[in-house]
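Heavy-atom basis, side chains included; hydrogens, waters and symmetry copies ignored. Within every chain, numbering begins at 1; the chains are lettered A, B, ... in the order of the sequence lines, protein sequences first and strands thereafter. A quick note: this is a predicted structure, and the numbers were derived from the prediction, not measured.
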Amino acid sequence: MLEGVEFSVASGTALVLRGANGIGKTTLLRTLAGLQEPLAGRIEVPREDLIYASHADGVKAALSVEENLAFWAEVYGRPLDGAVFGTFDLEDLRGRLAGTLSAGQKRRLGLARLGVADRRIWLLDEPTVSLDRASVAAFEGVLRAHLAAGGSVIIATHIDLLGEAEVLELEPFRAAVMPETADEAFL
Amino acid sequence: MKALFLRDLRLAIRAGGGFGLGLAFFLIVVVLVPFGVGPETEVLRRIAPGILWVAALLAALLTLDRIFALDWEDGSLALLATSPLPLEAVALVKAAAHWVTTGVPLAVAAPVLGILLSLDGSVAPVLLISLLIGTLGLSVIGTFGAALTVGLRRGGLLLSLLVLPLYVPTLIFGAEAVRRAGDGQPFGTPLLLLGGITLGACALLPFASAAVLRINLKASA
């Protein structure tokens, strides 16, 4: 889908991916996350420092907010830090079943996974979808704090987030010919 | 890994998890058989091992598609794949959780249902052990089938077609062990072979499941 994309992200900095729908922002992020392999080229990322947040939140409706986060904390081998509920404004929702949350609350729960996992490099795919303005501002604060702590963020978004961050416009890298997708899965 | 196991158990038991579905199906099928076959004790006793085993196998099949489908739909599977857990472990843990929520209840219920089919009381321990060993194999093999069909809409039917032929050896040795026990013959050999199949499946299939999951995850964008 994309061709000739080249970038590097230093610790403490963010990169914002921009481009029209369907250009390949998600594909690029999935490739960085290791879910897909690039057709050509090289990726140098420390896999053990990555965490990927997709369109879907991966929230289990039958588990409570706290159980959802406790699960991810244990998967990432971290103790569940109570502060994360405050950071993502989930304090009042701790005991609620995730299935009863609104779309925005669910999204906050999905993003709170970033807070419990304690990884350096965040790959975020449209993280602000269905968040209200206050939540977006709060999440921007979380991102800034992460960057200030030496982390990095690669984020695909359509809104103005992290105004000071470097922007990578993907339009110039659109591949001239779409690659054969039928065999792609088996490469 | 423990976290994933406990989460899957919790999800299976809570609303909409499908816990008990397989068990209820098993009960109904076995109870239906005497109605269809007639009440002659001798006939029922002879077909009991086969009926119990086939019913248990079909009951285990019912909930297979849930192993990965739910995690696939809500995106957890992709997040798990990028987490520190190896996908091989994810496949094995999910198979184990499926066994505990489906296979173990079936195995425990089977001796009770054996009474309905006039199965001798002395056969009950062999029935229990053979089902405990066998259903673990069924869960691991089924997990592989579930991994293969995970991205497909209405993959349940295809899953059955793929998995049922792979269940044949388990069925043969499992039912044979119970039959021999009922006839008072030594039943060690079929039980050992059953254990061999299960252990082989546990050792090899999680790797195959992880490989097909990776391919399915790649294809979904």
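Residues of residues 74-109 of chain B that come within less than 4.5 angstrom of chain A, heavy atom to heavy atom, are D74(B), G75(B), S76(B), A78(B), L79(B), L80(B), A81(B), T82(B), S83(B), P84(B), L85(B) in numerical order. Annotation: residues 75-100 of chain A contacts chain B through V75(A), Y76(A), L97(A) [non-hydrogen atoms, separation under 4.5 Å].
If you measure heavy-atom distances from R119(A) to chain B, the contacts under 4.5 Å come from the side chain alone.
Heavy-atom contacts from other residues, nucleotides or ligands closer than 6.0 Å to CZ of F7(A) number more than 12. Counting non-hydrogen atoms of other residues, nucleotides and ligands closer than 6.0 Å to CD of E6(A) gives a total of 12 or fewer.
Without hydrogens or angle criteria, R30(A) side chain to L217(B) main chain gives a donor-acceptor distance under 3.5 Å.
Contact between L63(A) and R7(B) at its shortest, heavy atoms only, is CD1-CG, 3.6 Å.
Residue with the most contacts toward chain B among R113(A), H55(A), E48(A), K60(A): K60(A) (heavy-atom pairs, distance under 4.5 Å). Ranking G34(A), A117(A), A56(A) against chain B, the residue ahead of the rest is A56(A), based on heavy-atom pairs under 4.5 Å. Ranking L6(B), D71(B), N216(B) against chain A, the residue ahead of the rest is D71(B), based on heavy-atom pairs under 4.5 Å.
Ion pair E67(A)/R14(B) flagged as a salt bridge, since at least one NZ, NE, NH1 or NH2 atom sits closer than 4.0 Å to an Asp/Glu carboxylate oxygen.
Every pair passing salt bridge (charged side-chain N to carboxylate O under 4.0 Å, His left out) that includes a residue from residues 141-156 of chain A is listed here, sequence neighbours excluded: E140(A)-R144(A), R144(A)-E164(A).
W122(A) pairs by the ring pair (Phe, Tyr, Trp, His ring centres under 6.0 Å) definition with H146(A), not counting sequence neighbours.
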